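Encoded as C-alpha cells, the structure appears first; notes follow it.
What you see is a predicted model; the values in this text were computed from it and never measured. In what follows, every heavy atom counts, from backbone to side chain, and hydrogens, waters and symmetry copies are set aside. In what follows, chains carry the letters A, B, and so on, assigned in the order in which the sequence lines appear, proteins first and then strands, with residues in each chain numbered from 1.
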Protein chains: 2
Amino acid sequence: MAKSPALDGRTGTRRKRGAPTEASLLRRQRQTDEKRRVILGAALELFSSFGFHGTSVDQIAERADVSKGNLLYYFRSKEALYSTLLRELLTIWLQPLRAFDRDQDPAEAIRAYIRQKLIASRDNPAASRLFCIEVLQGAPVFGGELLANLKTLMAEKRAVIEHWITQGKLVNVAADHLIFLIWATTQHYADFSFQVKGLTGKTLGNTKFFNEVEQSLCDIVLGGIIPK
Amino acid sequence: MAKSPALDGRTGTRRKRGAPTEASLLRRQRQTDEKRRVILGAALELFSSFGFHGTSVDQIAERADVSKGNLLYYFRSKEALYSTLLRELLTIWLQPLRAFDRDQDPAEAIRAYIRQKLIASRDNPAASRLFCIEVLQGAPVFGGELLANLKTLMAEKRAVIEHWITQGKLVNVAADHLIFLIWATTQHYADFSFQVKGLTGKTLGNTKFFNEVEQSLCDIVLGGIIPK
DNA sequence: GTCTATAACGGGATAGAC
DNA sequence: GTCTATCCCGTTATAGAC
C-alpha cells in the first residue's frame, strides 16, 4: 500500500525516487497500527473463548481477515501475539481500581467501584475471561507483571480501607477479602455468563438485569460493612 | 472387558479350562476400576491446569503411569476421558447445595453453605478450576447436563430463600444473586489461588487463612441480609 | 507487505505382536 | 490387557516469489 514515490508536501524539495514522504510514513504507520489492532481484537475473541492451545493462528487470521503468513509478519509468533494482548489489556483492566480514594465517602466509593467493575464485565467480557483463564493456569505468561502491578495497587487500597476503619466509617472488615469479594462477584457475570444466562435467561447487556445485579451486590456488601 | 466365555459361578457347574472364576472376575473388575480412577485423577490434574487442548494424552498417561496405548484401551478417546471426568465430578460438586433446607435457621444455613463451599474449594481446587474453564468456554461438552441439574437445584433453593424472606427472617434480597455471590466468592479462592497466593502469601490450605476467609465472607454476607 | 508452498513437528488414534 | 510401531492429520513457522 502507498508505495508510489512522491514529493514531500511540506518542504516541496525534490526527493529521490521512491523515498517516502513524511505524510506517507505516518499514513503507513496508522495502517500498520490499525491492522495490529484488528488482529489483536480477533485474537482476544478466540483466545478468551478457546484458550491459547484451543485457538490456531489460522482461525485468528481468518477472523481478522488477513492471511496466516501476513499475521505472522505483524507478530513474530503466536505466543508473542498472546503476550502482547495480555499486556495491552492489563492497564485497562486495572483502571477501575485506581479511582478508589480515601477522600471519598466509603459507601459511595465502594458503590462506584462495584459499578465500574460491572461495566467492565459487561463491556469487556472477553478480556475478563482471558484473564480468568490465564490466572487460573498460574499466569505462566505474565504472572510476574500482573502480580507486580496488583501488589502495589492492593497495598494502596488496603490502606484506604483500613483508614476508613480507623475513622469508624467502616466496620472492622479484612480489606483483602472485601476486595476479593468485589472482584469475584463482578467478574462472575462475565466469566460464568453461560451459566448465569442459562439460569436466569439474562446477561449484563440487559439494562434491567444490570441494575438488579448492581443493586443486589451493593445492598449485600454495604449492608455488611457500613456501621449502623 | 471380561468378554471371555464362562459358566455362571453361582450354579457350581464345571467350568471350561481357563474360564475365570467369579472371584477372579471381581478382582479383575476392581483392578479395572482402580486403573480408571488413577487415569481420571491424572486427567483432572492436567486438564484443570492446562485445559483440554493444552493437555496431551501422552502427559496424562505418563502421570497415571500407563502407556498411551493402554490409556486408550480404558477410554476410547481423549474426549471420552474428558467428558467422563466432568460427569463424575458434577455430582460431587453440587453436593453442598443440596443440604440447604427451609427448616434450618437462615443464618446457620447460609453460614454452613459458605463453609461447605470453602471446604470444597480447599480440598478440590482442581475440580473447581476444571468447571471454571469448562463453563467459561460455554460448557460445550456438558452444558446441557450441567444446566439441567442446576436449574432444578436453583429453583428449589430460590424457593427456600424466598420462603425465609416472606417469614421476615431475611431482608428482601434477590435469591439468584445471593447464590451467585456465594459461588463466585468461594470458588475464587480455588480458581484464582495463584493471584490470592501472590497477594496474601496464603491459600485455603492454611487453617488460619481459611478461618479468616470464612469469617469475612459470613460477616459481610450475613451482615447484609439478616434483618436487624 | 502480502501471498503460496512447504518444512518440521507433535498429537490422537489404530494395528498388531505378545 | 499391555506394549511398540506407525499412520495421518493439524499446527506453527519459515522460505521465497511477487
> Does B/K117 make a cation-pi contact with B/W93, if we ask for NZ or CZ under 6.0 Å from the ring centre and within 45° of the axis?
Replying inline: yes
> Is the closest side-chain heavy-atom distance between A/S193 and A/P125 below 4.5 Å?
Replying inline: no
>> Distance check needed: D/dT4 C1' versus B/L71 CG, whole Å only.
In response: 16 Å
> In whole Å, what is the span from the CZ atom of B/F75 to the C1' atom of D/dG1?
Replying inline: 15 Å
>> Check the phosphate of C/dT2 against A/Y73, side-chain N and O only, distance under 4.0 Å to OP1 or OP2. Yes or no?
In response: no
Please list every donor-acceptor pair under 3.5 Å in which a side-chain atom of residues 203-210 of chain B meets a protein atom from a residue at least two apart or in another chain.
from, atom 1, to, atom 2, distance (Å)
B/T203, OG1, B/G205, N, 3.3
B/N206, OD1, B/K208, N, 2.9
B/N206, OD1, B/F209, N, 3.0

> With a cut-off of under 6.0 Å to the ring centre and 45° to the axis, is B/K35 in cation-pi contact with B/Y74?
Replying inline: no
>> Does a side-chain N or O of B/S67 approach OP1 or OP2 of D/dC3 to a distance below 4.0 Å, or not?
In response: yes
> A/H53 has an atom NE2; how far is it from atom P of C/dG11, in whole Å?
Replying inline: 10 Å
> Aromatic rings A/F47 and A/F52: how do their planes relate, parallel, tilted or perpendicular, breaks at 30° and 60°?
Replying inline: parallel
>> Please encode protein proximity along nucleotides 12-18 of chain D as a string of B, S and -, counting only heavy-atom distances under 4.0 Å.
In response: BBB----
> Can you check whether B/Y74 has a side-chain N or O nearer than 4.0 Å to OP1 or OP2 of D/dT2?
Replying inline: yes
> Under 3.5 Å, side chain of B/S48 to main-chain N/O of B/E45, donor-acceptor pair present?
Replying inline: yes
